[in-house]
Amino acid sequence: MDIDLKILNNSGLKKILIVGVFHGDEPQGEYFINKYLQLKRQGLKNSLYFIPRLNKNNARTNSSGVDLNRNFPTKNWIKSDKNDYFGGEFAACEDETKFLVNLIENNKFDAILTIHAPYKIINYDGPAESLARVVSNILGYPVESDIGYPTPGSFGTYCGVERNIPTLTIEVDENKAPEELLEHFVELFDYFAYKY
């Protein structure tokens, strides 16, 4: 499994992990991250860890048919039906999940963001409500503490609820071209690079 990890300023005061494309049919995050990396920002206060595309498949699930956002070893993980939300044969059975678990175990992240679509909200897990409000002001999406349906084995539960890391799930408007939203995501990434 070859997962691309880009680190900007690996000696920053804080570490922020930003993950694009958990679900292969939600490609916006990869676009925002790659465009930001092309800007070659200098003088960052914090370290930004970018994974432009976690899921190399072009469907919600990975190449094994597993929804990576249901595969984390959380207390609420369950073996579910084999559909678009299938959490795997067992928790953390997927290489992508193992990669992230290892990355989080070996780094003390001060915040984690994942970029999804299409709900146009900022969802948060763990001690992240005030941070979610800052991000809401930048992106113009409302803050929601609950996505509205069960998410056993989710990344947000793994990081935010069970490890107390401020974790945000940014749900992008899929009806807008990524180019229309890029300016807001540059501002967002700059916030984490220079101000957070």
Inset, instruction - Determine yes or no for a side-chain-to-main-chain donor-acceptor pair under 3.5 angstrom, with Ser47 supplying the side chain and Gly12 the backbone. - result: yes
Inset, instruction - State whether the side chain of Ser80 and the backbone N or O of Gly87 hold a donor-acceptor pair below 3.5 Å, judged by distance alone. - result: yes
Inset, instruction - Apply the test ring pair (Phe, Tyr, Trp, His ring centres under 6.0 Å) to residues Phe185 and Tyr36: give CA-CA distance (whole Å), side-chain angles for both, the deciding distance (0.1 Å), then the verdict. - result: CA-CA 8 Å; Phe185 276 85; Tyr36 188 76; over 10 Å; no
Inset, instruction - Check the surroundings of atom CD in Glu183: do more than 12 heavy atoms from other residues, nucleotides or ligands lie under 6.0 Å from it? - result: no
Legend entry - Side-chain donor or acceptor of Arg70 paired with backbone N/O of Phe86 under 3.5 Å: no
Legend entry - Test side chain to side chain donor-acceptor pair (under 3.5 Å) applied to Glu96 and Asn62, step by step: CA-CA 9 Å; Glu96 299 93 337; Asn62 72 354; 3.2 Å; yes
Inset, instruction - Taking all heavy atoms of Gln42 and all of Lys40, pick out the closest pair and write down the distance. - result: NE2-O, 3.3 Å
Legend entry - Shortest non-hydrogen separation from Thr97 to Ala92 and the atoms involved: CG2-CA, 3.7 Å
Legend entry - Spatial distance of atom NZ (Lys56) from atom CD1 (Ile3) [nearest 0.5 Å]: 7.0 Å
Legend entry - Heavy-atom check, side chain of Tyr194 versus side chain of Asn46, under 4.5 Å: no
Legend entry - Side chain Thr74, main chain Gly153, donor-acceptor under 3.5 Å: yes
Inset, instruction - Evaluate the side-chain proximity of Phe50 to Asp4: yes if any heavy-atom separation is below 4.5 Å, no if none is. - result: no
Legend entry - Thr151 side chain vs Ser154 backbone, donor-acceptor pair below 3.5 Å: no
Legend entry - side chain to side chain contact (heavy atoms under 4.5 Å, CB included) between Leu139 and Leu188, intermediate numbers included: CA-CA 8 Å; Leu139 297 180; Leu188 175 67; 4.2 Å; yes
Legend entry - Exam field: side chain Asp67 to backbone Tyr85, donor-acceptor pair closer than 3.5 Å: no
Inset, instruction - Apply side chain to side chain contact (heavy atoms under 4.5 Å, CB included) to the pair Leu182 and Phe32, showing each step before the final yes or no. - result: CA-CA 6 Å; Leu182 179 60; Phe32 301 139; 4.1 Å; yes
Legend entry - Asp125 side chain to Val161 backbone, donor-acceptor under 3.5 Å: no
Legend entry - Main-chain N/O of Leu103 paired to Asn107 side chain as donor or acceptor, under 3.5 Å: yes
Inset, instruction - Could you pull out the closest heavy-atom pair between Asn83 and Thr61, with the gap in Å? - result: O-CG2, 4.3 Å
Inset, instruction - Return yes if some donor-acceptor pair links the side-chain N/O of Asn71 with the main-chain N/O of Glu94 below 3.5 Å, else return no. - result: yes
Legend entry - Val21 vs Ile115 side-chain heavy atoms within contact, under 4.5 Å: no
Legend entry - Neighbour count >12 (heavy atoms, 6.0 Å) for atom CG, Asn106: yes
Inset, instruction - Report yes if the side chains of Glu30 and Lys35 come closer than 4.5 Å at any heavy-atom pair, otherwise no. - result: no
Inset, instruction - State, yes or no, whether a side-chain contact exists between Tyr119 and Tyr141 at a heavy-atom distance under 4.5 Å. - result: no
Inset, instruction - For atom NZ of Lys45, decide whether the heavy atoms of other residues, nucleotides or ligands shown that lie under 6.0 angstrom number more than 12. - result: yes
Inset, instruction - Could you check if a side-chain atom of Tyr49 sits within less than 4.5 angstrom of a side-chain atom of Ile18, using non-hydrogen atoms only? - result: no
Legend entry - Pairwise side-chain contact, Asn69 with His23, heavy-atom cut-off 4.5 Å (strictly under): yes
Legend entry - Cation-aromatic face contact Lys14/Tyr196, 6.0 Å, 45 degrees: yes
Legend entry - Heavy atoms of other groups near Lys120 NZ, more than 12 under 6.0 Å: no
Inset, instruction - Can you establish whether the number of heavy atoms outside Lys6 located under 6.0 Å from its atom NZ is more than 12? - result: no
Inset, instruction - For the residue pair Pro166 and Asp110, establish whether any side-chain heavy-atom pair is separated by less than 4.5 Å. - result: no
Inset, instruction - Please test Glu26 against His116 for side chain to side chain donor-acceptor pair (under 3.5 Å), starting from the C-alpha separation and ending with a verdict. - result: CA-CA 6 Å; Glu26 299 169 5; His116 290 258; 3.2 Å; yes
Inset, instruction - Please report the shortest heavy-atom distance between Ala193 and Leu48, naming the atom on each side. - result: CB-CD1, 3.8 Å
Inset, instruction - Please name the pair of heavy atoms, one in Leu100 and one in Leu17, separated by the smallest distance, quoted to 0.1 Å. - result: CD2-CD2, 4.2 Å
Inset, instruction - Compare every heavy atom of Phe192 with every heavy atom of Ala111, then report the nearest pair and how far apart it is. - result: CB-CE2, 4.2 Å
Legend entry - Donor-acceptor pair, side chain of Asn57 and main chain of Gly24, under 3.5 angstrom: no
Inset, instruction - May I ask you to check if Arg163 and Tyr158 form a cation-pi contact, with NZ or CZ under 6.0 angstrom from the six-membered ring centre and within 45° of the axis? - result: yes
